[in-house]
Amino acid sequence: VQLQASGGGLVQAGGYLRLSCAASEHTTFSSYHMGWFRQAPGKERELAAFISWNGGGISYADSVKGRFTISRDNAKNTVYLQMISLKPEDTAVYYCAAALTTRITTMRTVGQATNYDYWGQGTQVTVSS
């Protein structure tokens, strides 16, 4: 499985961006839960948002709740992250990641990066103040 993330960029505080992550063509996308992680300079990678294989389970980091929305389109093998009201502290490299549904069976473990089998290359999001 190859994941290609896109949509990052430079935006002013209060602005918005939409990230996309497309899985390779022959992927059985519905076999995977998907996560968006982010890593800021000098900080550990953290989960920003998670969506289960059918969209029935969604989780957000407290810091992004109410501002970020994760969604997916299994027919297009794509997961999205809509980000509004961006803050300078949202500046990070954003990575999409795929976890086989058998690897994550409880919402308590969605934030563990080791549960994810495949990672995209990352897309830079920079929010200026």
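When a residue number appears, it is its place in the shown sequence, counting from 1.
Here the shortest heavy-atom pairing between Ser52 and Arg72 reads O-NH1, 2.9 Å. Here the shortest heavy-atom pairing between Met83 and Tyr94 reads SD-CE2, 4.0 Å. Among all heavy-atom pairs drawn from Gln124 and Val93, the shortest one is OE1-CG2, 3.2 Å. Considering all non-hydrogen atoms of both residues, Arg67 and Ser85 come closest at NH1-O, 3.0 Å. Trp119 and Ala113 make their closest contact through CZ2-O, 3.6 Å (heavy atoms, listed as atom of the first residue, atom of the second, distance).
Residues Phe68 and Ile70 are not in side-chain contact: their nearest non-hydrogen atoms beyond the backbone lie 4.5 Å or more apart. By the 4.5 Å heavy-atom criterion applied to side chains, Leu3 and Thr27 are not counted as neighbours. The shortest distance between side-chain heavy atoms of Gln82 and Leu19 does not fall below 4.5 Å.
The cluster map of Ile, Leu, Val, Met, Phe, Trp and Tyr, joined by side-chain heavy atoms under 4.5 Å apart, puts Phe29 and Val110 in different clusters. The same ILVMFWY cluster, assembled from side-chain heavy atoms under 4.5 Å apart, contains both Ile58 and Val79.
For the atom pair OG (Ser20) and NZ (Lys76), the distance works out to 10.0 Å, reported to the nearest 0.5 Å. Note: Tyr32 OH to Asn74 CG = 12.5 Å, rounded to the nearest 0.5 Å.
Looking at Thr109 and Thr106, their side chains never bring a donor and an acceptor atom within 3.5 Å of each other. No hydrogens or angles considered: a donor-acceptor pair under 3.5 Å links the side chains of Ser63 and Arg38. Checking Thr91 against Glu89 by side-chain atom types alone, no donor-acceptor pair falls below 3.5 Å.
The neighbour count for Gln2 CD, taken as heavy atoms of other residues, nucleotides or ligands under 6.0 Å away, does not exceed 12.
Proximity of a side-chain donor or acceptor of Asn77 to a complementary backbone N or O of Ser24 within less than 3.5 Å is detected. Using a distance-only test at 3.5 Å, with no hydrogens or angles considered, no donor-acceptor pair links the side chain of Asn115 to the main chain of Ile104. Put simply, the side chain of His33 gets close to the backbone of Trp53: a donor and an acceptor are under 3.5 Å apart. The backbone N or O of Thr69 sits nowhere less than 3.5 Å from a side-chain atom of Tyr80 that would complete a donor-acceptor pair.
Here Lys87 does not pair with Asp90 in a salt bridge; the nearest charged N to carboxylate O distance is not below 4.0 Å.
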Below 3.5 Å, can you tabulate the donor-acceptor pairs from side chains in residues 4-18 to any protein atom, sequence neighbours excluded?
none

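Here Phe37 and Tyr116 bring their ring centres to under 6.0 angstrom of each other.
For the pair Arg45 and Tyr95, the cation sits on the ring face: its NZ or CZ lies under 6.0 Å from the ring centre, inside 45° of the axis.
Within the structure, the disulfide (SG to SG under 2.5 Å) test picks out the following pairs touching residues 69-108 (sequence neighbours left out): Cys21-Cys96.
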CA sep, side-chain torsions, deciding dist, call: Trp36, Leu47, side chain to side chain contact (heavy atoms under 4.5 Å, CB included): CA-CA 6 Å; Trp36 281 100; Leu47 179 74; 5.9 Å; no
